[in-house]
Amino acid sequence: MKLLITLLILTFFINPLFAQKTNVKVGSWSDPSVWNNNTIPSITDDVSLNFDIIIDVNANCQSLVLNGHNVTVNTGVQFNITGNDTATVLSAFVLLDSTLTTPFDTTIKMLFQYDNKKRNTRIDYTYYDNGVSTNLSYRSNFFYNGNDTVPYKRALTTPLLTAADDDYSNDTSFYFYANGVLTGDSAKVIENGNKVTYARKFAYYTDKIITTIKEYNGSTPNGFIATDTINITYANGNIIQQVDSTQSYIRQEFNFLYDNHINPFYNTQSKIGINNGFPFYEIELHVMDIFTKNNALEINELMGSFYSSHSILTYQYKANGYPRNVLSINDDLGEYYRGVYIYTN
(Lines give C-alpha, C1' and ligand atoms only; values in the text may rest on other atoms or scores of the structure.)
Protein backbone atom coordinates (compact mmCIF):
# COMPACT_ATOMS: atom_id res chain seq x y z
CA MET A 1 0.00 0.00 0.00
CA LYS A 2 1.19 3.51 -0.76
CA LEU A 3 0.41 6.58 1.26
CA LEU A 4 -0.55 9.67 -0.71
CA ILE A 5 0.16 12.87 1.18
CA THR A 6 -2.49 15.40 0.22
CA LEU A 7 -2.77 17.25 3.51
CA LEU A 8 -1.16 20.61 3.89
CA ILE A 9 2.40 20.32 5.16
CA LEU A 10 3.54 23.40 7.02
CA THR A 11 5.52 25.50 4.59
CA PHE A 12 8.44 27.74 5.32
CA PHE A 13 9.53 30.94 3.67
CA ILE A 14 12.69 30.10 1.73
CA ASN A 15 15.24 32.89 1.86
CA PRO A 16 17.03 33.07 -1.52
CA LEU A 17 20.35 33.41 0.32
CA PHE A 18 20.07 29.75 1.36
CA ALA A 19 20.47 26.64 -0.74
CA GLN A 20 17.23 25.17 -2.01
CA LYS A 21 16.54 22.02 -4.01
CA THR A 22 13.68 21.62 -6.46
CA ASN A 23 12.55 18.75 -8.66
CA VAL A 24 12.60 19.27 -12.42
CA LYS A 25 10.21 16.44 -13.33
CA VAL A 26 7.91 13.80 -11.87
CA GLY A 27 9.88 10.89 -10.46
CA SER A 28 11.42 9.15 -7.47
CA TRP A 29 13.31 10.83 -4.63
CA SER A 30 16.32 8.50 -5.12
CA ASP A 31 16.81 9.51 -8.78
CA PRO A 32 19.47 12.28 -9.02
CA SER A 33 18.14 13.37 -12.43
CA VAL A 34 14.87 14.40 -10.74
CA TRP A 35 16.66 17.22 -8.88
CA ASN A 36 17.86 20.56 -10.19
CA ASN A 37 21.50 19.98 -9.25
CA ASN A 38 21.56 16.22 -9.93
CA THR A 39 22.04 15.39 -6.25
CA ILE A 40 19.51 13.78 -3.91
CA PRO A 41 18.33 16.04 -1.04
CA SER A 42 19.83 15.41 2.40
CA ILE A 43 18.88 16.19 5.98
CA THR A 44 20.35 19.71 5.61
CA ASP A 45 18.38 20.70 2.50
CA ASP A 46 15.29 22.82 1.97
CA VAL A 47 13.09 21.25 -0.72
CA SER A 48 10.49 23.05 -2.85
CA LEU A 49 8.40 20.90 -5.22
CA ASN A 50 7.68 21.86 -8.82
CA PHE A 51 6.26 18.38 -9.59
CA ASP A 52 4.82 15.40 -7.72
CA ILE A 53 7.42 13.19 -6.01
CA ILE A 54 7.57 9.52 -4.92
CA ILE A 55 9.53 8.69 -1.74
CA ASP A 56 11.01 5.32 -2.67
CA VAL A 57 13.84 5.20 -0.08
CA ASN A 58 14.31 6.40 3.50
CA ALA A 59 14.61 10.15 3.05
CA ASN A 60 15.17 13.33 5.06
CA CYS A 61 15.09 17.03 4.41
CA GLN A 62 15.21 20.17 6.52
CA SER A 63 11.96 21.59 5.16
CA LEU A 64 9.42 20.86 2.43
CA VAL A 65 7.22 23.24 0.44
CA LEU A 66 4.53 21.39 -1.56
CA ASN A 67 3.45 24.22 -3.90
CA GLY A 68 0.25 22.22 -4.50
CA HIS A 69 2.03 19.00 -5.51
CA ASN A 70 1.67 15.50 -4.02
CA VAL A 71 4.15 13.38 -2.08
CA THR A 72 3.67 9.60 -2.25
CA VAL A 73 5.53 7.58 0.41
CA ASN A 74 6.10 3.95 -0.60
CA THR A 75 5.35 1.17 1.90
CA GLY A 76 8.25 0.33 4.21
CA VAL A 77 10.21 3.58 3.88
CA GLN A 78 10.37 6.60 6.18
CA PHE A 79 10.24 10.27 5.27
CA ASN A 80 11.36 12.80 7.90
CA ILE A 81 11.15 16.57 7.76
CA THR A 82 13.65 17.66 10.42
CA GLY A 83 12.80 21.36 10.60
CA ASN A 84 10.20 20.90 13.35
CA ASP A 85 8.90 24.39 14.12
CA THR A 86 8.24 23.57 17.80
CA ALA A 87 11.50 21.78 18.70
CA THR A 88 14.07 23.82 20.65
CA VAL A 89 16.78 21.35 21.73
CA LEU A 90 19.77 21.42 19.37
CA SER A 91 20.53 17.86 18.24
CA ALA A 92 22.93 18.59 15.36
CA PHE A 93 24.69 21.43 13.59
CA VAL A 94 26.25 21.09 10.14
CA LEU A 95 28.65 23.64 8.66
CA LEU A 96 28.76 23.70 4.86
CA ASP A 97 31.22 25.44 2.54
CA SER A 98 28.97 27.45 0.22
CA THR A 99 31.63 27.55 -2.50
CA LEU A 100 31.37 23.75 -2.97
CA THR A 101 28.58 21.46 -4.13
CA THR A 102 26.88 18.58 -2.33
CA PRO A 103 28.24 16.21 -1.02
CA PHE A 104 31.67 17.89 -0.98
CA ASP A 105 30.49 20.95 0.94
CA THR A 106 30.27 19.44 4.46
CA THR A 107 33.16 20.72 6.60
CA ILE A 108 32.07 20.19 10.22
CA LYS A 109 29.30 18.21 11.87
CA MET A 110 28.34 18.43 15.55
CA LEU A 111 26.01 15.91 17.21
CA PHE A 112 24.52 16.54 20.67
CA GLN A 113 23.12 14.00 23.14
CA TYR A 114 21.05 14.72 26.27
CA ASP A 115 19.79 12.89 29.34
CA ASN A 116 16.18 12.74 30.51
CA LYS A 117 16.64 16.12 32.20
CA LYS A 118 17.67 17.59 28.82
CA ARG A 119 21.22 18.13 30.05
CA ASN A 120 23.87 17.98 27.35
CA THR A 121 25.80 14.76 28.05
CA ARG A 122 27.86 14.31 24.90
CA ILE A 123 29.11 16.17 21.85
CA ASP A 124 30.66 14.53 18.78
CA TYR A 125 32.56 17.03 16.67
CA THR A 126 33.83 15.73 13.30
CA TYR A 127 35.83 17.42 10.56
CA TYR A 128 35.24 16.56 6.89
CA ASP A 129 37.51 16.69 3.86
CA ASN A 130 35.74 16.92 0.48
CA GLY A 131 32.55 15.78 2.19
CA VAL A 132 34.16 12.67 3.74
CA SER A 133 34.57 12.37 7.51
CA THR A 134 38.18 12.36 8.70
CA ASN A 135 39.90 10.76 11.67
CA LEU A 136 40.01 14.19 13.34
CA SER A 137 36.94 13.76 15.51
CA TYR A 138 36.50 14.97 19.08
CA ARG A 139 34.15 13.42 21.61
CA SER A 140 33.23 15.18 24.83
CA ASN A 141 31.28 13.40 27.56
CA PHE A 142 29.85 15.51 30.41
CA PHE A 143 29.06 14.35 33.93
CA TYR A 144 26.64 15.92 36.43
CA ASN A 145 26.02 15.70 40.15
CA GLY A 146 22.41 15.11 41.21
CA ASN A 147 20.10 17.68 39.66
CA ASP A 148 22.85 20.15 38.76
CA THR A 149 22.37 21.81 35.37
CA VAL A 150 26.09 22.38 34.76
CA PRO A 151 28.68 19.57 34.52
CA TYR A 152 31.36 18.96 37.11
CA LYS A 153 33.54 16.94 34.71
CA ARG A 154 34.29 16.59 31.03
CA ALA A 155 36.19 13.75 29.34
CA LEU A 156 37.47 14.70 25.90
CA THR A 157 38.97 12.12 23.54
CA THR A 158 39.87 11.69 19.89
CA PRO A 159 38.19 8.27 19.43
CA LEU A 160 39.54 7.65 15.92
CA LEU A 161 43.18 8.42 16.76
CA THR A 162 45.86 6.65 18.77
CA ALA A 163 48.55 8.10 21.02
CA ALA A 164 50.99 7.86 18.11
CA ASP A 165 48.94 10.28 15.97
CA ASP A 166 49.84 13.98 15.91
CA ASP A 167 46.35 15.23 16.79
CA TYR A 168 45.69 12.70 19.55
CA SER A 169 44.17 14.24 22.67
CA ASN A 170 42.97 12.88 25.99
CA ASP A 171 41.71 15.51 28.41
CA THR A 172 39.85 15.16 31.69
CA SER A 173 38.64 18.48 33.10
CA PHE A 174 36.90 19.35 36.36
CA TYR A 175 34.75 22.48 36.73
CA PHE A 176 33.97 24.67 39.72
CA TYR A 177 31.10 27.16 40.00
CA ALA A 178 29.60 29.83 42.21
CA ASN A 179 25.93 30.69 41.66
CA GLY A 180 26.02 28.84 38.34
CA VAL A 181 29.03 30.82 37.04
CA LEU A 182 32.28 29.07 36.14
CA THR A 183 34.94 30.15 38.64
CA GLY A 184 37.67 27.63 37.88
CA ASP A 185 38.72 24.45 36.17
CA SER A 186 41.54 21.96 36.29
CA ALA A 187 42.66 19.45 33.72
CA LYS A 188 45.04 16.64 32.94
CA VAL A 189 45.85 16.74 29.26
CA ILE A 190 47.71 14.36 26.97
CA GLU A 191 48.18 16.04 23.61
CA ASN A 192 50.72 15.23 20.88
CA GLY A 193 52.62 13.08 23.35
CA ASN A 194 52.91 15.83 25.98
CA LYS A 195 51.42 15.58 29.45
CA VAL A 196 50.22 18.83 31.03
CA THR A 197 48.29 19.54 34.22
CA TYR A 198 46.86 22.96 34.85
CA ALA A 199 44.41 24.80 37.07
CA ARG A 200 42.63 28.08 36.30
CA LYS A 201 40.66 30.52 38.38
CA PHE A 202 38.32 33.20 37.06
CA ALA A 203 37.54 36.45 38.89
CA TYR A 204 34.61 38.41 37.46
CA TYR A 205 34.17 42.20 37.53
CA THR A 206 31.66 44.47 35.83
CA ASP A 207 34.08 45.24 33.01
CA LYS A 208 36.65 42.42 33.01
CA ILE A 209 37.56 38.82 33.76
CA ILE A 210 40.92 38.07 35.39
CA THR A 211 42.29 34.58 34.80
CA THR A 212 45.01 33.01 36.91
CA ILE A 213 46.54 29.83 35.56
CA LYS A 214 49.05 27.43 37.10
CA GLU A 215 50.56 24.92 34.70
CA TYR A 216 52.72 21.86 35.31
CA ASN A 217 54.59 20.01 32.58
CA GLY A 218 57.92 18.33 32.00
CA SER A 219 59.83 21.62 31.87
CA THR A 220 58.00 23.27 34.79
CA PRO A 221 57.53 20.51 37.41
CA ASN A 222 57.01 23.10 40.15
CA GLY A 223 54.40 24.94 38.21
CA PHE A 224 54.25 28.05 36.06
CA ILE A 225 51.88 30.84 37.09
CA ALA A 226 50.45 33.45 34.73
CA THR A 227 47.60 35.93 34.82
CA ASP A 228 45.53 37.40 32.02
CA THR A 229 43.02 40.26 32.07
CA ILE A 230 40.18 40.27 29.54
CA ASN A 231 38.23 43.54 29.35
CA ILE A 232 34.60 42.84 28.49
CA THR A 233 31.59 45.03 27.73
CA TYR A 234 28.13 43.47 28.16
CA ALA A 235 24.71 44.47 26.85
CA ASN A 236 21.46 42.52 27.26
CA GLY A 237 23.35 39.47 28.50
CA ASN A 238 25.68 39.41 25.47
CA ILE A 239 29.37 40.22 25.11
CA ILE A 240 29.51 43.13 22.67
CA GLN A 241 33.23 43.81 23.07
CA GLN A 242 36.18 41.83 24.38
CA VAL A 243 39.75 43.13 24.54
CA ASP A 244 42.87 41.30 25.71
CA SER A 245 45.84 43.65 25.96
CA THR A 246 47.68 41.88 28.78
CA GLN A 247 50.48 40.86 26.46
CA SER A 248 52.02 44.16 25.41
CA TYR A 249 53.24 42.90 22.05
CA ILE A 250 49.81 41.88 20.80
CA ARG A 251 46.23 43.06 21.29
CA GLN A 252 43.25 40.80 20.69
CA GLU A 253 39.89 42.48 20.20
CA PHE A 254 36.38 41.27 19.37
CA ASN A 255 33.30 43.34 18.59
CA PHE A 256 29.84 41.79 18.19
CA LEU A 257 26.38 42.79 16.99
CA TYR A 258 23.40 40.53 17.87
CA ASP A 259 19.81 39.78 16.93
CA ASN A 260 17.04 39.32 19.53
CA HIS A 261 16.51 35.59 18.89
CA ILE A 262 17.52 32.73 21.17
CA ASN A 263 20.95 31.24 20.42
CA PRO A 264 20.50 27.42 20.44
CA PHE A 265 24.16 26.93 21.46
CA TYR A 266 23.53 28.88 24.68
CA ASN A 267 22.19 25.82 26.50
CA THR A 268 24.74 23.33 25.19
CA GLN A 269 28.15 22.58 26.67
CA SER A 270 29.95 23.14 23.37
CA LYS A 271 31.66 26.15 24.93
CA ILE A 272 33.71 23.67 26.97
CA GLY A 273 33.39 20.78 24.56
CA ILE A 274 36.52 21.16 22.47
CA ASN A 275 38.76 23.68 24.22
CA ASN A 276 38.83 25.57 27.47
CA GLY A 277 38.62 29.10 26.10
CA PHE A 278 35.33 29.65 27.94
CA PRO A 279 34.28 32.06 29.55
CA PHE A 280 35.89 34.36 26.97
CA TYR A 281 36.50 34.04 23.25
CA GLU A 282 39.60 32.99 21.36
CA ILE A 283 40.58 34.25 17.92
CA GLU A 284 38.98 32.88 14.71
CA LEU A 285 35.33 32.33 15.60
CA HIS A 286 32.56 30.56 13.73
CA VAL A 287 28.89 30.76 14.66
CA MET A 288 29.06 27.55 16.75
CA ASP A 289 31.69 29.19 18.97
CA ILE A 290 29.32 31.96 20.12
CA PHE A 291 27.70 31.15 23.47
CA THR A 292 25.87 34.35 24.36
CA LYS A 293 22.10 34.58 24.80
CA ASN A 294 21.41 35.82 21.27
CA ASN A 295 22.82 35.07 17.81
CA ALA A 296 25.69 37.13 16.43
CA LEU A 297 24.92 39.19 13.31
CA GLU A 298 28.43 40.59 12.96
CA ILE A 299 31.78 39.43 14.34
CA ASN A 300 34.84 41.68 14.13
CA GLU A 301 38.17 40.14 15.18
CA LEU A 302 41.52 41.90 15.47
CA MET A 303 44.87 40.53 16.56
CA GLY A 304 47.48 43.28 16.60
CA SER A 305 48.45 44.22 13.06
CA PHE A 306 48.69 40.57 11.97
CA TYR A 307 45.07 39.50 11.65
CA SER A 308 41.69 41.02 11.01
CA SER A 309 38.39 39.37 10.23
CA HIS A 310 34.86 40.65 9.67
CA SER A 311 31.94 38.21 9.38
CA ILE A 312 28.36 39.04 8.42
CA LEU A 313 25.77 36.44 9.46
CA THR A 314 22.25 36.19 8.04
CA TYR A 315 19.70 33.87 9.65
CA GLN A 316 16.54 32.15 8.54
CA TYR A 317 14.30 31.54 11.57
CA LYS A 318 11.69 28.95 12.45
CA ALA A 319 8.22 30.01 13.54
CA ASN A 320 9.29 29.70 17.20
CA GLY A 321 12.16 32.17 16.66
CA TYR A 322 15.03 29.67 16.70
CA PRO A 323 17.41 29.77 13.71
CA ARG A 324 17.08 27.12 10.99
CA ASN A 325 19.95 28.27 8.79
CA VAL A 326 22.71 30.83 8.92
CA LEU A 327 24.77 32.24 6.06
CA SER A 328 28.22 33.44 7.15
CA ILE A 329 30.23 35.63 4.77
CA ASN A 330 33.77 36.73 5.56
CA ASP A 331 35.25 38.57 2.58
CA ASP A 332 38.52 39.21 4.43
CA LEU A 333 39.26 35.48 4.60
CA GLY A 334 37.31 34.45 1.51
CA GLU A 335 35.01 32.24 3.59
CA TYR A 336 31.37 31.58 2.69
CA TYR A 337 29.64 29.12 5.00
CA ARG A 338 26.09 27.92 5.55
CA GLY A 339 25.18 26.46 8.92
CA VAL A 340 22.15 24.20 9.38
CA TYR A 341 20.53 23.70 12.81
CA ILE A 342 18.64 20.46 13.52
CA TYR A 343 16.45 20.18 16.62
CA THR A 344 14.66 17.67 18.77
CA ASN A 345 11.99 18.10 21.47
Side-chain angles (χ1 to χ4, degrees), residues 1-87 91-107 109 128 130-132 261 264 287 312-329 336-345:
M1 181 181 72
K2 296 182 179 181
L3 173 64
L4 179 64
I5 300 179
T6 56
L7 69 161
L8 175 64
I9 295 179
L10 179 64
T11 61
F12 303 99
F13 170 73
I14 303 296
N15 189 318
L17 290 173
F18 298 97
Q20 178 182 339
K21 289 191 177 179
T22 61
N23 57 346
V24 296
K25 61 182 179 180
V26 174
S28 298
W29 188 278
S30 64
D31 181 0
S33 69
V34 164
W35 303 102
N36 61 323
N37 57 0
N38 289 307
T39 57
I40 301 168
S42 70
I43 197 170
T44 63
D45 289 316
D46 297 309
V47 176
S48 180
L49 297 182
N50 291 327
F51 299 89
D52 294 351
I53 191 74
I54 298 171
I55 311 298
D56 61 324
V57 293
N58 291 338
N60 303 277
C61 63
Q62 175 76 198
S63 69
L64 177 67
V65 178
L66 292 177
N67 293 322
H69 299 289
N70 294 322
V71 177
T72 302
V73 181
N74 284 354
T75 303
V77 301
Q78 294 183 344
F79 180 45
N80 298 311
I81 303 172
T82 62
N84 184 331
D85 258 19
T86 63
S91 63
F93 179 79
V94 183
L95 190 67
L96 307 169
D97 185 338
S98 296
T99 65
L100 301 176
T101 58
T102 304
F104 308 107
D105 53 351
T106 301
T107 62
K109 184 178 292 184
Y128 286 72
N130 286 322
V132 178
H261 292 263
V287 64
I312 300 291
L313 301 107
T314 306
Y315 297 85
Q316 181 186 27
Y317 300 101
K318 302 197 302 174
N320 64 0
Y322 282 71
R324 294 181 53 243
N325 293 282
V326 58
L327 182 70
S328 176
I329 298 177
Y336 305 90
Y337 289 105
R338 184 168 72 101
V340 179
Y341 303 81
I342 301 169
Y343 300 88
T344 186
N345 284 311

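When reading the values below, keep in mind they use all heavy atoms of this one structure, side chains included, and skip hydrogens, waters and symmetry mates.
Looking only at side-chain heavy atoms (C-beta outward), L64 and V71 come within less than 4.5 Å of each other. A heavy-atom distance below 4.5 Å is found between the side chains of V287 and L313. Contact of the Y343 side chain with the K318 side chain is registered, since non-hydrogen atoms from C-beta on lie closer than 4.5 Å. You'll find the side chain of V34 reaches within 4.5 Å of the side chain of I53, heavy atoms only. Under the 4.5 Å side-chain criterion, counting only non-hydrogen atoms from C-beta, S91 is in contact with I342.
Screening Y322, Y341, Y315, Y317 for a ring pair (Phe, Tyr, Trp, His ring centres under 6.0 Å) involving H261 leaves a single residue, Y317.
For residues 35-59, the ring pair (Phe, Tyr, Trp, His ring centres under 6.0 Å) pairs, not counting sequence neighbours, are W29-W35.
Using modelled atom types, one side-chain atom of D56 and one backbone atom of S30 make a donor-acceptor pair closer than 3.5 Å. Using a distance-only test at 3.5 Å, with no hydrogens or angles considered, no donor-acceptor pair links the side chain of N130 to the main chain of F104. No donor-acceptor distance shorter than 3.5 angstrom exists from the side chain of N58 to the backbone of F79, with no hydrogens or angles considered. T107 places a side-chain N or O within donor-acceptor distance of the main-chain N or O of L95, the cut-off being under 3.5 Å.
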Is there a side-chain contact (heavy atoms from CB on, under 4.5 Å) between S98 and L327? Walk through the geometry before answering.
CA-CA 9 Å; S98 296; L327 182 70; 4.0 Å; yes
Using the rule given for side-chain contact (heavy atoms from CB on, under 4.5 Å), can you reason through I55 versus T72, listing the C-alpha separation, both sets of side-chain angles and the distance that settles it, and then say yes or no?
CA-CA 6 Å; I55 311 298; T72 302; over 6 Å; no
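Atom-to-atom distance recorded for N36:CG and S48:OG is 10.0 Å, nearest 0.5 angstrom. Here the straight-line distance linking atom CG of D46 with atom NZ of K21 works out to 10.5 Å at 0.5 Å rounding. L66 contributes atom CG, which lies 12.0 Å from atom CG of N50 (distance to the nearest 0.5 angstrom). In this structure, the separation between CG on L96 and OH on Y128 is 10.5 Å, given to the nearest 0.5 Å. We find the CG-CG distance between D52 and N70 to be 4.5 Å, quoted to the nearest 0.5 Å. In this structure, CD1 on I54 lies 11.0 Å from CG on N23, to the nearest 0.5 angstrom.
Contacts of S42 classified as side-chain hydrogen bond (donor to acceptor under 3.5 Å, both in side chains), with partners at least two apart in sequence or in another chain: T44, D45.
Side-chain N/O atoms of R338 and S328 include no donor and acceptor closer than 3.5 Å. Inspection of the N37 and T101 side chains reveals no N or O donor paired with an N or O acceptor under 3.5 Å.
Shortest non-hydrogen contact noted between H69 and L49 is CD2-O, 3.3 Å.
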